[in-house]
Amino acid sequence: MTFLLTSEPLENMLLNDGIQTSEAGAFVNFTGLVRQSNPAHSNKKVTHLLFEADESLCAKEIHLIFNEAVRQFDCTRLKCAHRTGKISVGEMIIWIGAAAPHRHQAFNACQYVLDQLKALLPIWKKEFYIDGTSQWVGNAPMTEESHEI
């Protein structure tokens, strides 16, 4: 089971390496890309995204998520890579791969990891728009100022 947070483009990585195995009858992967507009925000045109993450907390949580995916879906291998930093439209944000005995297990494991990652990991997304505005989508990261009483 592998999890990678990186500022490097995912397109340049050999993400499938080491995940396919003769123990598994199915391998499924999911790729998330930066889209050019956000339907949830009046279809504002996006120029790029900025992702920030708490690496140490992500490592702890993803371990729990992977363990549960293995338990629920009998995965033989799981791998996930998530970008941080500035990411342009069309670039890959996230890649998840799951190998399992059967296709429905691999599909479900991939979806489970994605859903749990989005719900539980401290990874924050800021959208930048063509009109010069920007906004955090979901929760904003904690800053020193937000800790002040």
Side-chain angles (χ1 to χ4, degrees), residues 1-130 133-142:
M1 310 305 157
T2 304
F3 179 68
L4 173 67
L5 275 175
T6 181
S7 60
E8 298 300 317
L10 299 179
E11 290 83 355
N12 300 337
M13 297 182 184
L14 300 173
L15 297 169
N16 286 340
D17 280 3
I19 195 165
Q20 295 176 349
T21 172
S22 61
E23 299 167 353
F27 166 69
V28 171
N29 68 38
F30 169 82
T31 301
L33 308 171
V34 178
R35 62 180 169 249
Q36 67 181 5
S37 63
N38 186 338
H41 297 108
S42 303
N43 279 322
K44 289 178 84 169
K45 298 294 182 198
V46 173
T47 60
H48 64 281
L49 303 178
L50 175 69
F51 279 90
E52 293 184 12
D54 182 317
E55 222 170 313
S56 63
L57 288 176
C58 282
K60 291 176 187 174
E61 287 295 324
I62 199 69
H63 179 73
L64 298 172
I65 292 167
F66 277 4
N67 283 344
E68 185 59 19
V70 167
R71 188 190 72 72
Q72 280 191 42
F73 307 107
D74 200 22
C75 290
T76 57
R77 307 254 171 99
L78 282 170
K79 193 172 183 181
C80 178
H82 198 296
R83 284 283 303 274
T84 57
K86 181 181 176 182
I87 311 170
S88 298
V89 170
E91 286 188 278
M92 194 183 318
I93 303 164
I94 187 169
W95 183 92
I96 301 168
H102 303 285
R103 67 181 176 273
H104 70 277
Q105 293 167 307
F107 276 111
N108 291 337
C110 223
Q111 182 171 359
Y112 175 83
V113 170
L114 179 63
D115 291 346
Q116 294 302 303
L117 182 143
K118 290 179 69 81
L120 301 175
L121 263 56
I123 299 175
W124 303 282
K125 175 172 75 170
K126 190 172 191 178
E127 290 184 336
F128 291 81
Y129 306 108
I130 201 162
T133 62
S134 63
Q135 75 179 48
W136 290 102
V137 178
N139 295 325
M142 297 294 281

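Because only heavy atoms are used, hydrogens play no part in the values below, and waters and symmetry mates are left out as well, while side chains stay in. Treat the numbers as computed from the prediction; the structure is a model and nothing was measured.
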Next on the checklist: Testing the basics here: between Arg103 and Val28, what is the closest heavy-atom pair and its distance to 0.1 Å?
Outcome noted: O-CG2, 4.4 Å
Next on the checklist: Test side chain to side chain contact (heavy atoms under 4.5 Å, CB included) on Asn67 and Arg71; report intermediate values, then the result.
Outcome noted: CA-CA 6 Å; Asn67 283 344; Arg71 188 190 72 72; over 6 Å; no
Checklist entry - Is the shortest heavy-atom distance from the side chain of Tyr112 to the side chain of Glu68 under 4.5 Å? => result yes
Checklist outcome for this item: When rounded to the nearest 0.5 Å, the distance separating CD1 of Ile87 from CG of Leu10 is 7.5 Å
Checklist entry - Roughly how far, to the nearest 0.5 Å, is the CD1 atom of Ile62 from the CD atom of Glu55? => result 12.5 Å
Item to check | More than 12 heavy atoms of other groups within 6.0 Å of Leu64 CG | outcome: yes
Item to check | Nearest heavy-atom neighbours spanning Leu121 and Glu61 | outcome: CD1-CB, 3.6 Å
Next on the checklist: Which heavy atom of Val113 sits nearest to which heavy atom of Ala69, and what is that distance?
Outcome noted: CG2-CB, 4.1 Å
Item to check | Validation row: Leu15, Asn29 side chains within 4.5 angstrom (heavy atoms) | outcome: no
Next on the checklist: With heavy-atom distances below 4.5 Å as the criterion, would you say the side chains of Ile93 and Lys125 are in contact?
Outcome noted: no
Checklist entry - Nearest heavy-atom pair of Ala98 and Cys110: which atoms, and what distance? => result CB-N, 4.2 Å
Next on the checklist: With a 3.5 Å distance limit and no angle check, can you tell me whether Arg83 reaches the backbone of Ile94 through a side-chain donor-acceptor pair?
Outcome noted: no
Item to check | Neighbour count above 12 (heavy atom, 6.0 Å) for Gln116 CD | outcome: yes
Next on the checklist: Tell me if a side-chain donor or acceptor on Lys86 pairs with a main-chain N or O of His48 at a distance below 3.5 Å.
Outcome noted: no
Next on the checklist: If you count heavy atoms of other groups shown closer than 6.0 angstrom to CD of Gln36, is the number above 12?
Outcome noted: no
Next on the checklist: Quick check against the 3.5 Å criterion: does Glu91 have a side-chain atom that pairs as donor or acceptor with the backbone of Val34?
Outcome noted: no
Checklist entry - Looking only at heavy atoms, what is the nearest atom pair of Asn108 and Phe73, with distance? => result CB-CE2, 3.4 Å
Checklist entry - Taking C-beta and beyond as the side chain, do Gln111 and Phe30 meet within less than 4.5 Å on heavy atoms? => result no
Checklist entry - Does the side chain of Phe3 come within less than 4.5 Å of His63's, by heavy atoms? => result no
Item to check | Euclidean distance, Leu114 CG relative to Cys80 SG, rounded to 0.5 Å | outcome: 8.0 Å
Next on the checklist: Please report the interatomic distance CE(Met1) to NZ(Lys79), rounded to the nearest 0.5 Å.
Outcome noted: 12.5 Å
Checklist entry - Side chains of Cys75 and Phe66: does their closest heavy-atom pair fall under 4.5 Å? => result no
Checklist outcome for this item: When every non-hydrogen atom of Thr84 is compared with those of Ala53, the smallest separation belongs to CG2-CB, 4.1 Å
Next on the checklist: Strictly distance-based, threshold 3.5 Å: is any side-chain N or O of Thr47 a donor or acceptor partner for the main-chain N or O of Phe128?
Outcome noted: yes
Checklist entry - Just wondering, do Leu5 and Ile123 contact through their side chains at under 4.5 Å, heavy atoms? => result yes
Checklist entry - How long is the span from the CD atom in Glu52 to the NZ atom in Lys126, to the nearest 0.5 Å? => result 8.0 Å
